Amino acid sequence: MGLKLKNVLPMFVFLLLASTAKAQSAALDVTSAKYGGKPDSDITQALEKAWTDACASTAPSKIVVPKGTFKFVGTTFKGPCKAAIEFQLQGTLQAPADGSQLPKDDTWIGFDHVDGLTLSGGGTFDGQGALSWKNNDCNKNRQCKSKHINLRFHFLTNSKILDVTSKDSKNFHVNLQKCEKVEINGFTVSAPKESMNTDGIHIGRSTGIDIIDTTIGTGDDCISIGDGTKDLTVTNVTCGPGHGIAIGSLGRYPEEEPVSGINIKKCTLTNTTNGVRIKTWPASPKDGTASDIHFEDITMVNVGNPILIDQEYCPWNECKKGVPSKVKISNVSFKNIKGTCTDPVAVKLAYV
């Protein structure tokens with residue numbers, strides 16, 4: 001009996017080690033012979049194949065786009081997947097500059113119904129949006145066709161976006177909708193102030209979002225917070241150029257959900273058109289609420305409208321001015337807001 005145990009034990013250890021090694025999936029490099037991606041060429045199919053393999057894996061996996069510049073027509077990477085996935089972008093993905101070949105919807109790169117995604121690697125998502133900004137007439141034509149968002153996260157849970165850059169998006173840089181427990185850390189948004197409708201990070205109907213140590217320069221709101229957002233924390237964000245950090249606009253549509261638990265702290269805004277603001281539409285079709293909103297330790301440098309609560313927000317004259325907003329704003333605090341402003345009025349409360 002002793003001899004049998006002596007022979008079986010090493011075999012058991014070997015099998016255990018082999019099982020552990022198997023659980024650690026190898027990196028799926030899109031430039032490998034299996035996927036065939038090459039720099040300066042379109043790697044859409046290579047990335048889609050790598051995602052299919054990663055999503056089917058029962059062990060955590062990593063997709064790698066190495067250093068270099070790669071063309072990417074765009075797609076939405078869909079789950080649910082069987083295990084966590086790290087999407088490591090070390091190089092640059094470029095969208096078609098003229099918008100040709102892009103997906104039919106308004107999303108260049110999307111992640112949909114994924115649990116445990118990590119987007120990392122220090123790389124850049126380059127939307128090449130300059131031509132789109134020049135042709136964007138949405139400020140006067142409300143029937144204009146929506147441009148493509150660089151990164152859309154839909155039904156993302158328990159996930160992280162770390163140390164990557166969104167550059168020159170044609171539309172919003174990041175749009176999070178119906179997400180839960182997502183951390184955005186060390187993220188960069190880079191676009192000039194003339195880029196129209198390019199909100200840095202937009203959040204809607206999401207819970208437990210943390211935005212940390214992030215730098216945003218763009219042509220619209222650095223961070224915009226839409227209806228249904230709950231338990232959002234924004235810490236150590238640098239904003240500028242841009243339109244500041246905004247709650248809303250709220251109260252335009254009848255199906256909107258309450259906003260609550262918003263904490264914006266230790267941020268710096270430089271040369272922005274607004275500072276921190278809450279904006280709601282007059283003549284709201286339905287009662288709404290925005291509550292427990294706190295701004296603390298915010299530094300303003302040459303900022304217009306540093307503190308603004310605007311319940312008469314009505315761009316392009318698309319609402320009934322003079323009719324009160326039905327969005328109730330409560331339990332809002334501004335603490336230790338300091339710096340310089342370009343507007344003679346530092347604090348403005350506008351309501352009917």
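These numbers come from the heavy atoms of this one structure, side chains and all, not from hydrogens, waters or symmetry mates. This is a predicted model, so every value here is computed, not measured.
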Looking at [X] and [Y], does any basic side-chain N land under 4.0 Å from a carboxylate oxygen?
X	Y	result
D227	R205	yes
D221	K279	yes
R152	D105	no

Please tell me if the side chains of H243 and T218 come closer than 4.5 Å, counting only heavy atoms from C-beta onward. no
Surrounding CD of Q45 (heavy atoms of other residues, nucleotides or ligands, distance under 6.0 Å), is the total greater than 12? no
Is there a donor-acceptor pair under 3.5 Å between the side chain of T92 and the backbone N or O of T69? no
Strictly distance-based, threshold 3.5 Å: is any side-chain N or O of S325 a donor or acceptor partner for the main-chain N or O of V327? yes
Contacts satisfying disulfide (SG to SG under 2.5 Å) that involve residues 170-212 (not counting sequence neighbours) are none
Disulfide (SG to SG under 2.5 Å) with C314: which residues, sequence neighbours excluded? C319
In a single word, yes or no, tell whether C239 and C267 have an SG-SG distance below 2.5 angstrom. no
Walk me through whether F87 and F77 qualify under ring-ring contact (aromatic ring centres under 6.0 Å, His included). CA-CA 11 Å; F87 188 114; F77 299 104; 5.7 Å; yes
Using distance alone, with no hydrogens and no angle criterion, decide if N185 and E183 have a side-chain donor and acceptor under 3.5 Å apart. yes
Do you see a donor-acceptor pair shorter than 3.5 Å between the side chains of N150 and S166? yes
Let's go through I264 and E296 carefully: what are the C-alpha distance in whole Å and the side-chain angles of both, what is the deciding distance for side chain to side chain contact (heavy atoms under 4.5 Å, CB included) to 0.1 Å, and is it a yes or a no? CA-CA 6 Å; I264 316 293; E296 184 175 357; over 6 Å; no
Is there a side chain to side chain contact (heavy atoms under 4.5 Å, CB included) between K62 and V64 once you walk through the steps? CA-CA 6 Å; K62 180 191 295 184; V64 177; 3.7 Å; yes
Between F155 and H113, how do the two ring planes meet: parallel, tilted or perpendicular, split at 30° and 60°? parallel
Please report the C-alpha distance between V65 and F70 in whole Å, then the side-chain angles of each, then the deciding distance to 0.1 Å, and finally whether the side chain to side chain contact (heavy atoms under 4.5 Å, CB included) criterion is met. CA-CA 9 Å; V65 180; F70 301 87; 3.7 Å; yes
H154: what forms a ring-ring contact (aromatic ring centres under 6.0 Å, His included) with it, not counting sequence neighbours? none
